[in-house]
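The next block holds one structure in the form of structure tokens; read it before the comments.
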Amino acid sequence: MTALTKFQRLEAQGSWRASPDAPLREVIVSLGEATLVLSDPATDRPLSHWSLPAVVQLNPGALPALYAPGAEGADETVEIDDPLMIEAISKVQGAVASHRAHSGRLRGVLVVLAILAVLGGLAFWLPGALVAHAARIAPPAQARDIGMAILADLETGAGRVCTRDSGQAVLDHLAPHLLDPGAIIRVVPGPLGGARRLPGDLYVIGSDLLRAAPGPEAAAAHLVSARLATAEPDLKAAAMRHAGLGASLRLMTLGHLPRDAMAGFGAALLMQPAPRPADADLLAALGERGIPAEPYARSIDPTGQTVLPLIEGDPFRTNPPARPLLTDEQWLALQQICAG
């Protein structure tokens with residue numbers, strides 16, 4: 001805080017007492033940039049420096065005005081009867097008070113803005129974090145429920161799941177060999193553009209992969225491809241992002257999703273091409289399972305031009321697997337899974 005411009009270098013006579021029991025002493029009081037300087041009038045030697053913001057008048061409204069360098073614990077005092085000097089000190093004190101009030105308001109505004117910024121950040125970050133957390137902590141049973149809800153939505157566009165017992169028995173036989181011990185495979189009448197993996201180790205294929213194929217190898221390879229191309233955590237995260245914050249909170253608190261949480265997710269899934277893994281990874285996985293790669297490649301591109309690495313890298317291209325994937329009876333039952 002500095003003295004007001006019109007009062008800079010202002011001087012006046014005053015009576016200074018260095019301590020309560022000290023005699024009064026005539027001094028020159030100078031109003032500086034930020035201090036009151038009390039000087040010996042004979043030698044011009046400074047006797048004391050007072051900080052202007054701290055100066056207080058001990059007898060407000062009285063003359064001569066009695067000042068101290070601080071509100072408490074100040075032994076020094078000075079008496080001043082010069083009206084201009086008294087006015088100057090008063091204006092400085094008013095400016096100090098105004099500055100402090102302004103600083104307080106500014107601090108308050110800054111605090112409010114900081115709180116709003118934090119709340120805004122939480123509002124932006126928290127929903128996504130909660131949705132991601134719901135997906136991350138969903139146990140296998142809940143993940144399977146999410147997958148079944150997506151499958152129910154898929155049925156609206158691809159037809160109801162085919163349930164012929166003999167064909168489903170073949171799928172149940174294939175699932176642990178092709179995928180994982182707890183995996184489930186379902187078939188729908190409509191085409192899906194390949195196999196789709198859903199949360200909860202649930203796999204879906206269209207009956208087109210069964211009707212038009214000479215054998216089960218193409219459908220089997222599509223299932224293996226879906227397993228390699230999509231990871232379970234990613235599937236759950238995508239599903240919960242679609243479900244939204246409210247459904248995610250319900251899943252975490254009540255253990256299940258709202259009935260319509262996955263509405264539209266199946267349709268959105270079918271608008272995207274079936275993901276594919278790297279050719280080398282797929283060829284290795286098919287080789288381990290005794291599945292030729294060429295039927296899969298031809299189902300994607302009958303000309304073979306865009307999938308030539310898969311055809312040329314097929315480990316069974318010249319040497320067929322020692323054992324067929326299914327018997328003729330099993331393959332026929334699987335082809336007829338959607339009949340009747």
(message) When you compare the side chain of Leu202 with that of Met148, does any pair of heavy atoms fall below 4.5 Å?
(response) yes

(request) Flag the pair Glu294 / Leu310 as yes when at least one side-chain heavy-atom distance between them is below 4.5 Å, and no otherwise. (result) no

(message) Show the nearest heavy-atom pair for residues Pro69 and Glu76, with the distance to one decimal.
(response) CD-O, 3.3 Å

(request) Would you check if there is a donor-acceptor pair between the side chains of Gln305 and Asp301 at a distance under 3.5 Å? (result) no

(message) Is there a path of hydrophobic side-chain contacts, each under 4.5 Å between heavy atoms of I/L/V/M/F/W/Y residues, joining Leu66 to Leu24?
(response) no

(message) Less than 4.5 Å apart, side chain to side chain, heavy atoms only: is that true for Leu210 and Gln336?
(response) no

(message) Could you report the tightest heavy-atom contact between Pro199 and Ile146, atom names first, then the distance?
(response) CG-CG2, 4.0 Å

(message) When you compare the side chains of Tyr296 and Ser225, does any donor N or O come within less than 3.5 Å of an acceptor on the partner?
(response) yes

(request) Without swapping roles, check the side chain of Asp180 against the backbone of Gly182 for a donor-acceptor pair under 3.5 Å. (result) no

(request) For the pair Glu232 and Lys236, find out whether any cationic side-chain nitrogen is under 4.0 Å from an anionic carboxylate oxygen. (result) no

(message) I need the Leu334 CG to Arg211 CZ distance, nearest 0.5 Å.
(response) 12.0 Å

(request) Verify the cluster assignment for Leu63 and Ile89: are they in a single hydrophobic cluster under the rule of side-chain heavy atoms below 4.5 Å apart? (result) yes

(request) Answer yes when Asp201 and Arg227 have at least one side-chain N-carboxylate O distance shorter than 4.0 Å, and no when they do not. (result) no

(request) Start with the C-alpha distance between Leu31 and Met85, add both sets of side-chain angles, then the distance that settles side chain to side chain contact (heavy atoms under 4.5 Å, CB included), and finish with yes or no. (result) CA-CA 8 Å; Leu31 189 64; Met85 177 62 77; 4.3 Å; yes

(message) Name the residue from Glu26, Arg25, Glu79 that meets the side chain to side chain contact (heavy atoms under 4.5 Å, CB included) definition with Trp16.
(response) Arg25

(message) Please check this pair: side chain of Asp260 against backbone of Ala263, looking for a donor-acceptor N/O pair closer than 3.5 Å.
(response) no

(message) Test of understanding: clusters of I, L, V, M, F, W, Y form through side-chain heavy atoms closer than 4.5 Å, transitively. Do Trp50 and Leu84 belong to the same one?
(response) yes

(request) With rounding to the nearest 0.5 Å, note down the distance linking OG1 in Thr77 to CD in Gln57. (result) 12.5 Å

(message) Are the side chains of Leu154 and Leu198 in contact, using a 4.5 Å heavy-atom criterion?
(response) yes

(message) As an exercise, state the distance from NE2 of His222 to OG of Ser299, rounded to the nearest 0.5 Å.
(response) 3.0 Å

(message) Show the nearest heavy-atom pair for residues Asp208 and Leu192, with the distance to one decimal.
(response) OD1-N, 4.2 Å

(request) Decide yes or no on side chain to side chain contact (heavy atoms under 4.5 Å, CB included) for Arg197 and Leu235, but give the supporting numbers first. (result) CA-CA 8 Å; Arg197 182 180 183 181; Leu235 294 168; 3.6 Å; yes

(request) Any chance you could measure Gln13, atom CD, to Ile28, atom CD1, to the nearest 0.5 Å? (result) 5.0 Å

(message) Is there a path of hydrophobic side-chain contacts, each under 4.5 Å between heavy atoms of I/L/V/M/F/W/Y residues, joining Val78 to Val37?
(response) no

(request) Side-chain contact test, heavy atoms from C-beta onward, threshold under 4.5 Å: evaluate it for Ile337 versus Leu171 and give yes or no. (result) yes

(message) Are Phe316 and Leu308 connected into the same hydrophobic cluster when the rule is that any two of I, L, V, M, F, W, Y join if their side-chain heavy atoms are below 4.5 Å apart?
(response) no

(message) Check whether Asn59 reaches the backbone of Ala65 with its side chain - one donor and one acceptor, N or O, closer than 3.5 Å.
(response) no

(request) Would you name the heavy atoms of Leu282 and Pro277 that are closest together and state the gap between them? (result) CB-CG, 4.0 Å

(request) Take Arg276 and Asp279 through the test side chain to side chain contact (heavy atoms under 4.5 Å, CB included) and record every step on the way to the result. (result) CA-CA 8 Å; Arg276 287 175 52 187; Asp279 289 349; 3.4 Å; yes

(message) Do Ile205 and Arg196 make a side-chain contact, defined as non-hydrogen atoms from C-beta onward lying under 4.5 Å apart?
(response) no

(request) Might you point out which heavy atoms bring Pro309 and Leu283 nearest each other, and give the distance in Å? (result) O-CD1, 4.1 Å

(message) Using the side chain to side chain contact (heavy atoms under 4.5 Å, CB included) definition, which of the options Leu223, Leu179, Val224, Leu325 pairs with Arg289?
(response) Val224

(message) What I'd like to find out is whether the side chain of Val187 reaches to under 4.5 Å of the side chain of Leu209, using heavy atoms alone.
(response) no

(message) Using modelled atom types and a 3.5 Å cut-off, is there a donor and acceptor pairing between side-chain atoms of Gln330 and backbone atoms of Thr327?
(response) yes

(request) Indicate yes or no: does Arg17 engage Asp75 in a salt bridge with an N to O separation below 4.0 Å. (result) no

(message) Counting C-beta onward and ignoring hydrogens, is there a side-chain heavy-atom pair between Cys162 and Pro189 closer than 4.5 Å?
(response) yes

(message) For Asp153 versus Ala267, what's the shortest heavy-atom pair and its separation?
(response) OD2-N, 3.5 Å

